[in-house]
**Q** 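Mind having a look at this structure? Questions to follow.
Chain letters run A, B, ... following the sequence lines, proteins first and then strands; every chain starts at 1.
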Amino acid sequence: MQEHEEIVRAENLKKTFTLSKKQQRIEQTGEKRRVAVSGLSFSAYRGEIYGLLGPNGAGKTTTLRMLSTLIRPDAGDAFLCGHSIVKEPRRVRDVIGFMTSDLKLEGFFTPDYLFDFFGAMHGVEKAALATRKKELFSRFGIDKFSEVRVKNLSTGMLQKVSLVVSIVHDPEIVIFDEPTNGLDVITAKVVTDFLEELRRMGKSIILSTHIFSLVEKLCDRVGILLNGRLAAEGSLEAVAKGDLERTFFALYEGEGGRV
Amino acid sequence: MKFLALVKKEFHRFFHDPRLITTMLLPGLVIFLLYSVLGEALNTKAEARHYDVYLVGDSAVTRVIAQAATAGGDSVEWRRLGDEEEAMDAVREGKATAVIKFSENFDAAEGGKVEIFYDASNEVSAAFYSLATAALNAYGMRFTVAAQSLTSAETIGMQVLCSILPLLIVTFVFSACMSVTLESVAGEKERGTLATVLVTSVKRSHVALGKIFPLACISMLGALSSFLGTALSMPKLMGLSLNMLGAYGFWNYFLILLLILSVVPLIVSLIAVVSAYSKSVKEASAYTGMLMILSLILSLVATFVPKMGNWTVAIPVLNTVVFMQELLAGALPVWQSLVSAGVNLVLTAALVFVMTKMLSDERIMFGK
C-alpha cells in the first residue's frame, strides 16, 4: 500500500440545476438556474477520512452524488481509484460504497436477504459473501435481527443495515452523506467507530456533514464548502487553526453569509 | 448473475406476500363465481313449464320423457300433425316446443333413431331439449339420439362470446399488469429503493429487464386467472355448453396464447416506462388510467367495427383483440397473429430500451 496514494481526485466539478416555478416560488427567487457546485477540485488519499463541511445548500450532497455517479457533472470530472465518473461510471460504482438517507432499503425484505441481493448486484462470490455477512452482521449485532423485515426495524437498526449493505462488496472508497444524522448516541458511536476501523483497514472515506465535532473527531483532512465552492481545504489542523467552528463562521461571513 | 438476482427479487417479493398473490388471483375466481351465479340466475326457470311437442312416429319412450317433466313440476302435451314440415314451422314460430321423430318400429327393433328438433333461442324449447335428451340417455335402450336446433341461437351466442371475450381478456390483462407494475416501479422510485439499486454496478438495461420480465410473468398469472374465470363462466352466462370450448383446434388455442403472451410484456413495459417517468405512484396511476382507457377504446373499436382488415396487425392491443376474435370465431389467421405478436414484442423491446435510458437520466430518476 502506498503512503499518500491519491485515490479520489475531483477536477473543476460543476453542477447547475434548473429551478421549477414551484421551487422559485418557495424560495422567493426569480433565478431559473441554481449553481449547486462551481469549479470544485480536491483530492483524497488512501487510508484517510476526508470531510466536506458546509451548511445546508452548500453543495455537499450534490458533490457526493456526482462522485457516486448518480448524477453527472455539467463540467469537470472526478477520478476514483483512477476511474472517471463521466466515462466509466460502472467501474466507479464497483469501487465505492455510497450511503445517504436518500437511498432506502425495501421494507418487505430482511437484512439477510438484502445483504445477499446487494452482494449479487456487486458481483460478490457466494462464499466470500457468506464470510463477509457473518463478519459484518456479528460486528454490528445484525445477526440478532437478520430475519426481521426491514420495515419493522428501529432507526438505529436500519442505519446499521444500510451501512453494511453499502459496503457489502468491500469497496476501496466509502462515501457517506451525513453519516450520523438522526441516530441515537449509541448507534452514532457504532458508526463513527466503524469509520475509524475502515480507515485503519486502509479504506478511504469521504463524508459530508455540518457537525463540527464529527469533523474534529474523525477527519484527517477537511474541505469547507460554501456556495458550491471550496472556501478552505487542507489538513484538519491547518484549516481549523485551533478552532474549527470560529474559522468556519469567519469564512461563512466572508462569503456574505449571515448567522 | 446480477440480472438473475433482480428477477429473483421480484418473484420473491410477489410469492412471499400472500396479499399480492390474493389480489392477483382473486379477480379470476370472483369473475367465475359472479358470471356463473349470474348465468344460473338468468337461465333458471321461474315457474312450471308446459311443453307442446309434436310427435312423428311413436314410442313408449315418450312416457319416460313425460314422467321426467312431471317430476320437475312441468307438463307435456303430445300432439300430432300429418305434415312434418308444418310441425317444424310451428316450432320455429314458437307455437310448439319441439318435434320428436322416431324411426319406424322404434320400440320393436334395437338400434332405432330418435331425432329432436327444437329452437335453441327459445328458453322453453331449449329446456325441453335438455330434459328429453337426459331422459332418453337414462332410458338405457340402444338407440341413437340426434338433435338439431331449428334456429342458430348457439351461433349467435358464440358470436357474442367471440366478440366480448378478447375485450375482457385485454382489460383483465391490463388490470393485472397495472396492479404489480405500478407498485414495483413507481413505488420503488418514490420510496428511494430503486436508487439504491442504481448505485451498484449493475447495468441499467439489466435493471429495466429485471423489472419487466418478472412483472410480465406475474401479470401473466393474473391474466391467466382472469382468462380462465371468464372462459369457463362465459358459456354458462350465455346459456351455452362448456363443450363448445372443445370446438377449437390446437392452433386456435396456441395463437390465442401467443397473442396474450405478446401483449402482456408490452403492457407491462408501457406501464413501467410511465411509472419510471412519474414521481409518485399516484401520478403513475393517473397516467396509467388514461392508457387503460385508450386500450379499452381500441378493444371496443375492434369489438364493434366488423372486418377491420389486416392493417390492424400494426396497431398494438387492437391487433390482439381483432385476431383473437377471429381465432375464437373458428378462423385461423396464422400470419396475422404471428405478425401481431411480433409487433407487440418489437414494441416491448423498444420500451425496454426507453426505460433503460430513463434509468440513466438523472432528471427523471432524481429530479425533484
**Q** With S262(B), which of V346(B), V343(B), N344(B), L338(B) fulfils side chain to side chain contact (heavy atoms under 4.5 Å, CB included)?
**A**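 It is N344(B), the one option of V346(B), V343(B), N344(B), L338(B) that forms the side chain to side chain contact (heavy atoms under 4.5 Å, CB included) with S262(B).
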
**Q** What part of L4(B) is in contact with chain A, defined as an atom under 4.5 angstrom from a non-hydrogen atom: side chain, backbone, both or neither?
**A**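 Neither part.
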
**Q** Do the side-chain N and O atoms of K2(B) and S201(B) include a donor-acceptor pair separated by under 3.5 angstrom?
**A**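 There is such a pair between these side chains.
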
**Q** What part of V150(A) is in contact with chain B, defined as an atom under 4.5 angstrom from a non-hydrogen atom: side chain, backbone, both or neither?
**A**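 Neither part, no heavy atoms under 4.5 Å.
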
**Q** Between D94(A), V165(A), T100(A), V92(A), who has the most heavy-atom pairs with chain B when the cutoff is under 4.5 Å?
**A**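 So the answer, after comparing D94(A), V165(A), T100(A), V92(A), is D94(A).
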
**Q** Could you tell me which of K203(B), R13(B), E188(B) has the largest number of non-hydrogen atom pairs under 4.5 Å with chain A?
**A**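 Most heavy-atom pairs under 4.5 Å with chain A: R13(B).
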
**Q** In Å and rounded to the nearest 0.5 Å, what is the CD1 to CE distance from I218(B) to M220(B)?
**A**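 I218(B) CD1 to M220(B) CE: 11.5 Å, rounded to 0.5 Å.
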
**Q** So which residue, D361(B), V202(B), V199(B), ends up with the most heavy-atom pairs under 4.5 Å with chain A?
**A**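 It is V199(B).
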
**Q** Does the side chain of S84(A) come under 3.5 Å of the side chain of D77(A) through a donor N or O and an acceptor N or O?
**A**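 S84(A) vs D77(A): donor-acceptor pair found between side chains.
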
**Q** Any non-hydrogen side-chain atom of F118(A) less than 4.5 Å from a side-chain atom of V124(A)?
**A**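 Contact flag for F118(A)/V124(A) side chains = no.
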
**Q** Would you mind checking which part of R91(A) comes under 4.5 Å of any heavy atom in chain B, side chain (CB onward), backbone (N, CA, C, O), both or neither?
**A**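 For R91(A), there is no contact with chain B at all, as no heavy atom is under 4.5 Å.
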
**Q** Between T131(A) and A127(A) (side chain of the first, backbone of the second, donor and acceptor by atom type, cut-off under 3.5 Å), is there such a pair?
**A**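 Yes: the side chain of T131(A) pairs with the backbone of A127(A).
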
**Q** Let me know if H206(B) has heavy atoms under 4.5 Å from chain A in its side chain, its backbone, both or neither.
**A**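 Neither part.
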
